[in-house]
Amino acid sequence: MKNRSTAILLALFLGGLGIHKFYLNKPGLGILYILFVWTFIPGIIAFFEVIIFLCMSDENFDLKYNMPIYNRIDRKD
């Protein structure tokens with residue numbers, strides 16, 4: 001189970017390398033961050049992602065990153 005605090009810390013300190021993307025099961029984006037790390041653009045994007053993660057509620061984080069796809073589709077609230 002992914003933890004929002006861990007994602008925030010990874011994005012804050014290692015976001016330019018995309019480590020938080022690998023943690024959140026987004027390896028394609030993580031590789032893209034690594035390929036473009038020399039442009040500093042991934043670091044800037046990671047900074048904004050830290051802000052997004054800070055503003056996101058735990059419930060929304062869980063819905064986005066902790067629920068398997070089949071549970072999202074079959075979910076009836």
Side-chain angles (χ1 to χ4, degrees):
M1 187 162 180
K2 308 295 183 233
N3 186 345
R4 187 170 65 106
S5 300
T6 304
I8 290 169
L9 291 174
L10 287 173
L12 185 62
F13 294 111
L14 300 171
L17 295 172
I19 302 302
H20 65 293
K21 293 297 186 181
F22 289 105
Y23 176 72
L24 296 173
N25 290 332
K26 307 280 185 187
L29 287 173
I31 292 169
L32 197 63
Y33 275 50
I34 289 172
L35 290 175
F36 287 96
V37 70
W38 61 274
T39 65
F40 299 106
I41 293 172
I44 295 167
I45 294 171
F47 175 74
F48 287 109
E49 289 176 330
V50 167
I51 295 169
I52 291 169
F53 290 149
L54 285 171
C55 295
M56 186 182 290
S57 69
D58 286 332
E59 182 179 302
N60 286 341
F61 184 86
D62 287 339
L63 285 173
K64 188 168 184 176
Y65 297 109
N66 286 327
M67 291 187 71
I69 293 173
Y70 59 87
N71 279 347
R72 284 189 224 163
I73 294 170
D74 297 335
R75 193 161 182 245
K76 294 180 176 83
D77 284 336

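Values reported hereafter were calculated over all heavy atoms of this structure, with side chains retained and with hydrogens, waters and symmetry mates removed.
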Asker: Could you give the distance from CZ (F36) to CD1 (I31), rounded to the nearest 0.5 Å?
Answerer: 12.5 Å
Asker: Residues in side chain to side chain contact (heavy atoms under 4.5 Å, CB included) with D58, at least two apart?
Answerer: R4
Asker: Output every pair passing salt bridge (Lys or Arg N to Asp or Glu O under 4.0 Å) with a member in residues 28-47, not counting sequence neighbours, ordered by first then second residue.
Answerer: none
Asker: Run the side chain to side chain contact (heavy atoms under 4.5 Å, CB included) test against F13 and tell me which residues pass, sequence neighbours left out.
Answerer: L9
Asker: Strictly distance-based, threshold 3.5 Å: is any side-chain N or O of N66 a donor or acceptor partner for the main-chain N or O of M1?
Answerer: no
Asker: According to side chain to side chain contact (heavy atoms under 4.5 Å, CB included), who are the partners of L54, at least two apart in sequence or on a separate chain?
Answerer: I8, V50
Asker: Just wondering, more than 12 heavy atoms not from F61 lying within 6.0 Å of its CZ?
Answerer: yes
Asker: Please determine whether residues L32 and L10 belong to a single hydrophobic cluster, defined as Ile, Leu, Val, Met, Phe, Trp and Tyr linked transitively by side-chain heavy-atom distances below 4.5 Å.
Answerer: no
Asker: Could you tabulate the donor-acceptor pairs under 3.5 Å formed by side-chain atoms of residues 18-26, not counting sequence neighbours?
Answerer:
| from | atom 1 | to | atom 2 | distance (Å) |
| --- | --- | --- | --- | --- |
| H20 | NE2 | E49 | OE1 | 2.5 |
| K21 | NZ | E49 | OE2 | 2.8 |
| Y23 | OH | N3 | N | 2.8 |

Asker: Quick one: hydrophobic cluster around I45, which other residues, with the 4.5 Å side-chain cut-off, linked directly or via members?
Answerer: Y33, I41
Asker: Indicate if Y65 and L14 have the same hydrophobic cluster label, given that clusters are the connected sets of ILVMFWY residues with side-chain heavy-atom separations under 4.5 angstrom.
Answerer: yes
Asker: Determine the minimum heavy-atom distance between T39 and P42, stating which atoms define it.
Answerer: OG1-CD, 3.7 Å
Asker: Nearest 0.5 Å please: distance from the CD1 atom of I51 over to the CZ atom of F47.
Answerer: 4.0 Å
Asker: About how many Å separate CE of M56 and CG of D62, when rounded to the nearest 0.5 Å?
Answerer: 10.5 Å
Asker: A46 and A11: which non-hydrogen atoms are nearest, and at how many Å?
Answerer: CB-O, 3.7 Å
